[in-house]
Amino acid sequence: MSAMSSPLRTMTERGGRRSLLFSENLKLSQLARSGRIEEAIKVFSSMTNRNTVTWNCMISAYAKNGRVSEARTLFDRMPFKNLVSWNTMIAGYSHNGCSSEAYELFDRMPKRDQFSWTLMITCFSRNGELEKARRIFDAIPGQKSSVLFNAMISGYAKNQRFHDAVQLLNEMPIRDLVSWNSVLAGYTQNEEMLTAVKFFNETMPEKDEFSWNLIVDGFVKIGDWKSAWKFFERIPNPNVVSWVTMFNGLVTSGRIAEARRLFDQMPERNVVSWNAMLSGYVKSLQIDDALKIFMEMPERNSVSWTAMINGYARIGKLKEAKELLDKMSIKSVGAQTALMSGYIQHNRMDDARRIFEEMHTRDVVCWNTMIAGCCQCGRVDEAKELFKRMPKKDMVSWNTMITGYAQEGQIDEALRTFQEMGDKNTVSWNSIISALTQNGFYVEALQYIMWMRREGKKPDWSTFACALSACAHLAAYQAGKQLHPILLKSGYVDNLFAGNALISMYARCGRISRAKQVFDELEAVDLVSWNSLIAGYALSGNGTEAISLLRTMERSGIKPDEVTFVGVLSACSHSGLINEGLDLFKSMSKDYAVKPAAEHFACIVDLLGRAGRLEEAYELVVGMQVEENAGVWGALLGACRIYRNAGLANIAAEKLCEFEPCKSSNYVLLSNIHADAGRWDEVERMRVLMKERGVKKQAGCSWVEIKNKFCEFFSDDPKQPGTAEICLVLETLTAQMRNTGPVLGLSALDCG
DNA sequence: CTAGGGTTAG
């Protein structure tokens, strides 16, 4: 008996040991996949028996969780490396975007197989280094598998090199579904839906659920849920992904009730479906409904918890959010970031900072959230410090800093950051362009848009909105006009931000009928669209039309706001509708519950002033309940100059110098008034005051658009080309205006 | 344990 049992026992022991090792290795890879890296480390260090697979698993575990340097340490220390070890380490670098490190290993490895080639091609492609990927591809000896072709095709397609992708597709010996879908994904994910549908209908010989889902997702991504629905209905065998993709399309277009109906109709639901419903409710801030789903759902993962915490955080129920986080057994980075973000949104920066500092691991999203939070509450120096401290920056980090600097008016820092960053995406370009427009550098903004197009970056709705806004502020009609067809072709016309910017551009360039046409052609309009149009009529001096638009706007169910009234009131004053303007001013607080601000008072002062009712205007300013500003006194001063009321002008100009102590033109005006009245001592006092306050004459500057080029003019600039001609034209114009137009002092033309 | 469609939720 004993002689027989001995070898048997040895065999089972060996088998047992082997199966134990196998199951421990399996456990390691499972932990790695679900992001439980700390547990994986524990398991690995407690293992007495390790084989090469164990080491490979642990390398992969580290790399998949962003700890690529620890993975490398393990790789260097492991007792025996096989081909998979090398491939795993390369994959690790690839997942973490380290293409040069990956290539260094690839170059040194003793033997290569299909995995190695494919990994390296994918790694370079992900990094946008397509030429390097192609060099690898071309150097592969012998027959290339379709997996290799597909990797290269996918790389081209993802990077919008559609021509190269299709060419390779045609060159490969045997195409399969992955090949077709790789090209299709390139189109759908780059918002090329026209080409995508054509490829889907006319080129692809066969389709699977992937193909259908890609099309639906592509339409969802561009916000066209109707087209998404058309294709969704035609899917022969929609799977869970199809349903969730369509569901997501309804949620992003704000149709939460319809989304709910679709959810109820789903033939099968997995945890992703439930999470989609949950976060759908969170997005539309229906937190009670979200909670109901959270309680109802049969299975929860960290995404579910994170979504719920995020929901509470967004409506300011921070106590509930924190309690939920405390209940999580393994607190994911995302969940902690959600609570942190809640604190940031509700101005509890210290609490946010505490969570941030206490976190064991932080991903790039967490860092970016904290940085954005600091920027939002004006702590840009703190943001800068964090930005320096963070171990790995992504595109979002850089873009956030650019926007942060811009909001603080630190345009030089924004420009420096933009130049310093390596790769730039559309958002980076948009960030710097909107930084420029927000700070009044309109010519520079247009310059950057030109550079952006030269770099081959596709403009999106934000680019168009900024470009058109710059044109509007410069009254650059030629440039703005040319943007219109480009916008039409781009497919962003129905974007309200772009559409409103277009209205505003035409309106401010004095093309009010074109503005109206754009307005009428928009699928849906909002308050901003109405305000832009009304402001346009104000600018063109058509008060009657502005008032009539206000009425139409009300009938369409949109309530006017303070901006609307600035438009309507200034329209009244520009077209001499005195009584209408005064009536509207009275009714804006009474009937519309819009509190008049200084800007509205300025309109009425201007209106009364133009009618010569200077005393009334003065009484209004003195008696107004809101804080006075330069605009109000400026309006009064303007009226005083037309009607030559030196006494009131003196008061207004004094006030103006109080509000804008650094603006030289105010002192000059006041000084001129005193000079007119022969009060030379006062003129002298002005001169001394200017010197005391350090007021320097600002160079007057203006732009002219000639043949798509912007010419900047500075006053008193002897280097200015064509000065003599310009002065001659100016003199002629002035003479003509003296004879025909309203009487203006020469100072009215003295604007550089 | 490592490659090609990074189809869906954060």
Side-chain angles (χ1 to χ4, degrees), chain A residues 22 25-26 28-30 32-33 51-61 63-64 82-92 94-95 112-123 125-126 144-155 157-158 172 176-186 188-189 208-218 220-221 235 238-249 251 266 269-280 282-283 297 300-311 332-335 337-338 341 363 365:
Chain A
F22 180 81
N25 285 344
L26 195 69
L28 265 186
S29 66
Q30 279 169 348
R33 260 199 296 275
N51 60 11
T52 308
V53 176
T54 317
W55 287 87
N56 291 348
C57 282
M58 200 55 220
I59 290 171
S60 177
K64 275 185 183 145
N82 61 13
L83 182 52
V84 176
S85 317
W86 286 86
N87 286 341
T88 305
M89 195 58 232
I90 291 176
S94 173
H95 282 301
R112 300 182 188 104
D113 66 356
Q114 293 281 323
F115 277 85
S116 327
W117 306 114
T118 317
L119 272 164
M120 213 48 237
I121 289 171
T122 311
C123 179
S125 296
R126 269 194 203 142
K144 287 190 256 290
S145 72
S146 60
V147 171
L148 272 166
F149 269 98
N150 292 341
M152 195 63 231
I153 289 175
S154 168
K158 262 183 273 180
M172 68 192 289
D176 59 17
L177 262 165
V178 177
S179 328
W180 306 113
N181 283 340
S182 299
V183 176
L184 183 67
T188 57
Q189 280 156 17
D208 64 357
E209 303 85 52
F210 263 93
S211 331
W212 284 97
N213 293 347
L214 279 169
I215 290 280
V216 175
D217 183 53
V220 167
K221 275 204 171 73
I235 305 180
N239 59 16
V240 194
V241 177
S242 324
W243 285 87
V244 176
T245 307
M246 190 60 240
F247 174 90
N248 192 33
V251 169
M266 287 184 191
R269 294 188 201 111
N270 60 13
V271 68
V272 178
S273 326
W274 284 92
N275 284 343
M277 189 69 247
L278 173 58
S279 60
V282 168
K283 270 181 204 152
M297 59 198 296
R300 294 181 203 106
N301 60 17
S302 78
V303 175
S304 332
W305 286 84
T306 307
M308 200 57 230
I309 291 171
N310 186 25
S332 68
V333 180
T337 308
S341 169
D363 59 9
V365 175

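Remember, predicted model here, so these are calculated numbers, not experimental data. Order of the sequence lines fixes the chain letters, A, B, ..., with proteins taken first and strands second; residue numbering starts at 1 for each chain.
- Not one N or O on the side chain of A:Ser154 forms a donor-acceptor pair closer than 3.5 Å with the backbone of A:Asn150.
- At the heavy-atom level, A:Thr306 lies nowhere under 4.0 Å from the strands shown.
- Using atom C1' as the reference point in both B:dC1 and B:dG5, the two lie 22 Å apart (nearest Å).
- To the nearest whole angstrom, the two P atoms, one in B:dG4 and one in B:dT8, are 16 Å apart.
- As judged by a 4.0 angstrom heavy-atom cut-off over every strand, A:Asn301 is placed among the base-contacting residues.
- With sequence neighbours excluded, the residues forming a side chain to side chain contact (heavy atoms under 4.5 Å, CB included) with A:Lys221 are A:Gln189, A:Asp217, listed by chain and number.
- Remark: A:Ser211 engages A:Asn181, A:Asp208 in a side-chain hydrogen bond (donor to acceptor under 3.5 Å, both in side chains) (not counting sequence neighbours).
- Residue-level contact check: A:Asn270 touches neither bases nor backbone, having no heavy atom under 4.0 Å from any strand.
- Among the protein residues, A:Ala91 comes within range of the sugar-phosphate backbone only, with heavy atoms under 4.0 Å from sugar or phosphate atoms but none that close to a base.
- Between the CD1 atom in A:Ile309 and the OG atom in A:Ser302 there is a gap of 9.5 Å [rounded to 0.5 Å].
- Within the 3.5 Å criterion, the main-chain N or O of A:Ser304 finds a donor-acceptor partner in the side chain of A:Asn301.
- As judged by a 4.0 angstrom heavy-atom cut-off over every strand, A:Lys144 is placed among residues making no nucleic acid contact.
- Side chains of A:Asn270 and A:Ser273: a donor-acceptor N/O pair is present below 3.5 angstrom, by distance only.
- Among the atoms of the strands shown, none is found under 4.0 Å from any heavy atom of A:Asn239.
- Close approach of DNA chain B to chain A, defined as any atom under 4.0 Å from a non-hydrogen atom of the protein, starts and stops at B:dC1 to B:dG10.
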